[in-house]
Undergrad: 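My structure is below; once you've seen it, I'll send some questions.
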Amino acid sequence: MTNRAYVIAGSEATGGAGIQADLKAFQELGVYGMGTITCIVSFDPGNGWAHRFVPVDPSVIADQIEAATSCHDLDTVKIGMLGTPDTIDVVAKALSARTWRHVVLDPVLICKGQEPGAALDTDKALTSQILPLATVITPNHFEARTLAGMERIDTEDDLVEAARRIHALGPRHVIAKGGTELPGPDAVDVHFDGENTTVLRAPKIGRERVSGAGCTFAAAITAELAKGAEVGEAAATAKRMVREGISRRLTTHAPFASVVPIAPQG
Ligand code: PXL
């Protein structure tokens, strides 16, 4: 396990999403992972599993990044939940201070069950400060609509249009995920690299969204890129991993199941 991958993301205490899911995905795919925690999310079982969110002090985030990047030669990083403009500021500065082969951005604006209003300030700061540094971005349906400035994404063509608009904001590769939101039997993702559009498809497994699926997808892409894969291959492996992880999902006492990150076989 000589390839190393780095993640800067939030902790999600139930283990389903966030940095916990990311590091499991790294391990499953055979890369050595290290992580920096940006915020701590603790669902509240006494209040409808609402999100209790605590940002980590920006100076502590900077310290963690300093420790990880001084200890290891890193060229591949995943960025997960940042959560506040101050966090975005410190992460953008740290990312800009060195050269990365790949910065994979999962542009987490809100988590399952959160109100879209919570996304507003984060969305502006992400777009201006982090998107220009990303080489790969993996927006879900809501994030794609928000970042592309589109009121609706109802069809595969709409998703392609969103990917093109987000590409214009900086990232070389946009992998926009239709998830369960688009009609039809398949979960459809669109990969646009500025020239070519590739559509990834796999049959949907039920209609429920599963916690940690998006985190696992971007983390698996990051791990594969750390191993030297091309973005298209990495995305295909990640999609197989998420599909397997959703089919093996854990039922929990919360109103959502959790993905189980397992490397795809064969
Ligand atoms: O699944 C998105 C996500 C990412 N990161 C953290 C989260 C969540 C959703 O709950 O808590 C830390």
Side-chain angles (χ1 to χ4, degrees), residues 1-12 15 17-40 55-84 86-108 125-126 129-139 170-175 193 212 214-238 241-242 261 263:
M1 196 184 275
T2 53
N3 294 300
R4 301 167 208 215
Y6 182 32
V7 54
I8 300 175
S11 165
E12 192 280 271
I19 205 161
Q20 288 84 349
D22 296 325
L23 292 171
K24 289 173 203 171
F26 285 179
Q27 186 80 10
E28 270 292 312
L29 291 170
V31 303
Y32 182 94
M34 66 286 301
T36 284
I37 294 182
T38 56
C39 58
I40 298 174
V56 171
D57 188 284
S59 71
V60 178
I61 297 173
D63 288 351
Q64 295 176 76
I65 297 175
E66 183 184 25
T69 55
S70 303
C71 190
H72 302 280
D73 288 326
L74 298 171
D75 66 3
T76 309
V77 59
K78 175 192 156 170
I79 310 296
M81 184 168 177
L82 298 175
T84 76
D86 283 350
T87 303
I88 288 170
D89 230 27
V90 71
V91 170
K93 281 202 184 78
L95 285 179
S96 313
R98 57 184 58 243
T99 307
W100 299 93
R101 194 162 54 84
H102 275 296
V103 175
V104 178
L105 174 61
D106 186 15
V108 180
L126 258 184
Q129 293 177 259
I130 308 282
L131 254 72
L133 305 172
T135 58
V136 180
I137 185 169
T138 61
R172 280 207 301 282
H173 296 268
V174 179
I175 304 169
D193 66 4
C215 303
T216 301
F217 184 69
I221 290 175
T222 307
E224 290 301 300
L225 293 174
K227 291 178 348 194
E230 296 298 327
V231 175
E233 297 165 347
T237 303
M241 182 161 181
V242 169

Undergrad: Could you list the donor-acceptor pairs under 3.5 angstrom formed by side chains in residues 214-225, with sequence neighbours left out?
TA:
residue	atom	partner	partner atom	Å
Thr216	OG1	Gly212	O	2.8
Thr222	OG1	Ala218	O	2.7
Glu224	OE2	Lys227	NZ	2.8

Undergrad: Would you mind reporting whether Asp106 and Lys78 have side-chain heavy atoms less than 4.5 Å apart?
TA: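 With C-beta onward as the side chain, the pair touches.
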
Undergrad: Can you list the residues that meet the side-chain contact (heavy atoms from CB on, under 4.5 Å) rule with Ala236, with sequence neighbours excluded?
TA: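 Scan of Ala236 (side-chain contact (heavy atoms from CB on, under 4.5 Å), adjacent residues dropped) gives none.
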
Undergrad: Can you find a heavy atom in the side chain of Val231 that is under 4.5 Å from one in the side chain of Thr135?
TA: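 Not in contact.
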
Undergrad: In the structure I gave you, are the side-chain heavy atoms of His102 and Asp75 within less than 4.5 Å of one another anywhere?
TA: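 Counting from C-beta outward, His102 and Asp75 never come under 4.5 Å.
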
Undergrad: Under 3.5 Å, side chain of Thr38 to main-chain N/O of Met81, donor-acceptor pair present?
TA: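 Checked: pair present.
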
Undergrad: Applying side-chain contact (heavy atoms from CB on, under 4.5 Å) between Ile37 and each of Ile61, Val60, Ile19, report the one that passes.
TA: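 Running side-chain contact (heavy atoms from CB on, under 4.5 Å) over Ile61, Val60, Ile19 with Ile37 returns exactly one hit, Ile19.
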
Undergrad: Answer with yes or no whether the side chains of Thr36 and Tyr6 bring together a donor and an acceptor at under 3.5 Å.
TA: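 There is such a pair between these side chains.
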
Undergrad: Write out all pairs satisfying salt bridge (Lys or Arg N to Asp or Glu O under 4.0 Å) with one or both partners inside residues 63-72, taking only residues at least two apart or from two chains.
TA: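 Those involving residues 63-72 do not exist here.
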
Undergrad: Do Pro107 and Ile130 come close enough that some side-chain heavy atom pair is under 4.5 Å?
TA: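 Not in contact.
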
Undergrad: Output yes when a side-chain donor or acceptor of Thr69 lies under 3.5 Å from a complementary backbone atom of Ile65, and no otherwise.
TA: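 Yes, Thr69 side chain to Ile65 backbone: donor-acceptor pair under 3.5 Å.
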
Undergrad: Kindly write out the residues that satisfy salt bridge (Lys or Arg N to Asp or Glu O under 4.0 Å) with Asp57, not counting sequence neighbours, or none if the list is empty.
TA: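 Partners of Asp57 under the salt bridge (Lys or Arg N to Asp or Glu O under 4.0 Å) test: none.
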
Undergrad: Are Asn3 and Tyr32 close enough, and set up right, to give a side-chain contact (heavy atoms from CB on, under 4.5 Å), and what steps lead you there?
TA: CA-CA 6 Å; Asn3 294 300; Tyr32 182 94; over 6 Å; no

Undergrad: Please list, one pair per line, the donor and acceptor atoms closer than 3.5 Å that link side chains of residues 93-100 to other protein atoms, with sequence neighbours excluded.
TA:
residue	atom	partner	partner atom	Å
Ser96	OG	Ala92	O	2.6
Trp100	NE1	Leu95	O	3.1

Undergrad: Any side-chain heavy atom of Val104 sitting closer than 4.5 Å to one from Val77?
TA: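 Heavy-atom side-chain distance check fails, nothing below 4.5 Å.
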
Undergrad: Within a strict 4.5 Å, meaning less than it, do heavy atoms of the Val136 and Leu105 side chains meet?
TA: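 Not in contact.
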
Undergrad: Kindly write out the residues that satisfy side-chain contact (heavy atoms from CB on, under 4.5 Å) with Glu230, not counting sequence neighbours, or none if the list is empty.
TA: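 Applying side-chain contact (heavy atoms from CB on, under 4.5 Å) to Glu230 gives Glu233.
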
